[in-house]
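The block underneath contains the structure these notes are about, expressed in structure tokens.
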Amino acid sequence: MEYNVALLPGDGIGPEITAQAVKIVKAVEKKFGHKINFREGLVGAAAIDSTGSPLPDKTLDLCKSSDAVLFGAIGDPKYDNDPKAKVRPEQGLLAMRKELGLYANIRPVTTWPSLAGLSPLREDIAGGVDLVIVRELTGGIYFGRPQGRSEDGKTAYDSCVYSRHEVERIVKLACEMAAKRRGKVTVVDKANVLATSRLWRETALEISAGFKSVTMDFMFVDNAAMQIILNPSKFDVIVTENMFGDILSDEASVISGSLGMLPSASTGLLTSVYEPIHGSWPQAAGKNIANPIATILSAAMMFEMSFNLTEEAAAIRKAVNTVIEEGFLTGDLNSKNPKSTSEVGERIAEIILRD
Ligand code: IPM
Ligand code: MN
């Protein structure tokens with residue numbers, strides 16, 4: 001089959017890690033006889049520098065006319081350290097999520113036995129974790145209006161807004177996922193304080209009634225943050241609003257041993273986007289040291305979810321597993337004998353073609 005993929009490398013380590021994912025996609029293309037056309041677009045600080053916009057129309061059109069988007073990372077310290085900057089790289093990512101209607105961000109957290117010693121958690125706690133965070137991605141405090149400053153500049157405000165419809169579709173997706181997994185959905189909220197959370201609870205209960213094989217429980221976000229550390233293997237599917245999902249997924253990701261291991265898929269109304277959950281790590285940009293595995297596993301999710309090619313996805317995951325077992329890894333996972341970003345990418349591509 002033939003597919004068009006929009007490649008958006010973005011900022012910092014984005015270009016290096018996406019280059020490895022491209023190698024992997026090319027290996028899969030060769031092995032399985034597909035044709036995958038990459039078309040590159042500008043996003044983030046890189047796009048601001050050359051066009052003034054963090055998400056140029058041309059890039060958005062490219063995404064809309066592609067079968068999938070493979071995304072690196074965005075963010076640049078020159079904007080982080082300038083709170084007055086009018087245009088920020090992150091606006092490109094947020095605009096892309098909104099314009100493509102990507103309301104569901106799926107972040108699977110798994111652990112690998114040979115990396116157990118690298119987890120900040122004890123091996124008996126970290127072992128066997130297999131959970132998915134389903135993060136709502138186009139609502140909540142990230143997009144709620146009003147947002148801004150009072151006229152005298154001395155007060156600032158953000159608004160957390162959710163409609164029933166937004167909650168229904170994300171909870172439904174979480175229940176569908178759970179029905180194919182261990183049948184458990186945990187809704188994480190702050191219903192003891194927030195009106196939006198109470199709407200989430202009410203709506204989630206109604207949706208769950210339609211899923212006989214799914215059991216649903218509710219947890220306040222502060223408790224959830226603690227339970228993810230104390231007893232992560234008791235979670236199956238966690239569904240939560242935008243900002244809670246952002247925070248909990250960074251927390252949960254390091255259980256695997258490194259933030260550089262976790263892929264994600266953002267799906268919704270138009271083209272889906274596949275991206276690692278980590279950021280642009282500007283300090284490492286151009287050094288060929290960043291872990292490309294999260295982006296490579298995001299490409300595996302692309303094969304599975306956008307192209308329905310499960311064997312191809314399995315081949316990528318198996319090859320990733322092999323480099324993990326060989327210890328052929330970047331410094332975050334093998335500080336004694338670190339391999340470079342491109343070496344790890346090449347090795348995984350080689351294994352896909354060999355096996
Ligand atoms: C993520 C990132 C983004 C977010 C930033 C870069 C805007 O942290 O994808 O998790 O907060 O959603
Ligand atoms: Mn985040």
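Keep in mind that this is a model prediction, so the values were computed, not measured. Atoms within a ligand are numbered from 1 in the order they appear, just like the ligands themselves.
The shortest contact between atom 4 (C) of ligand 1 and any protein heavy atom is with Y142 OH, 3.5 Å. Looking only at protein heavy atoms, the nearest one to atom 7 (C) of ligand 1 is E90 CG, 3.8 Å. At the top of the distance list for atom 8 (O) of ligand 1, counting protein heavy atoms only, stands D246 OD1, 3.4 Å.
For R135, a nitrogen or oxygen atom sits less than 3.5 Å from a nitrogen or oxygen atom of ligand 1, counting backbone and side chain alike.
Remark: R164 engages E206 in a salt bridge, criterion side-chain N to carboxylate O under 4.0 Å. Contact check on R198 versus E202 returns no salt bridge, with no Lys/Arg side-chain nitrogen under 4.0 Å from an Asp/Glu carboxylate oxygen. Salt-bridge annotation for K287 and E16: absent, with no side-chain N of the basic residue lying under 4.0 Å from a carboxylate O of the acidic one. Looking at K339 and E346, no side-chain N of the basic residue comes within less than 4.0 Å of a carboxylate O on the acidic one, giving no salt bridge.
Ring planes of F307 and Y3: parallel class, angle under 30° (limits at 30 and 60°).
Within ligand 1, the atoms closer than 4.0 Å to a non-hydrogen atom of R97 are 1 (C), 4 (C), 9 (O), 12 (O), numbered from 1 in the order shown.
The nearest N/O/S atom of D246 to the Mn ion (ligand 2) is OD1.
With a heavy-atom cut-off of 4.0 Å, H278 does not touch ligand 1 at all.
The distance from the OG1 atom of T295 to the CG atom of L70 is 7.5 Å, given to the nearest 0.5 Å.
When Q91, M243, R107, E275 are ranked by how near their heavy atoms come to atom 1 (C) of ligand 1, first place goes to R107.
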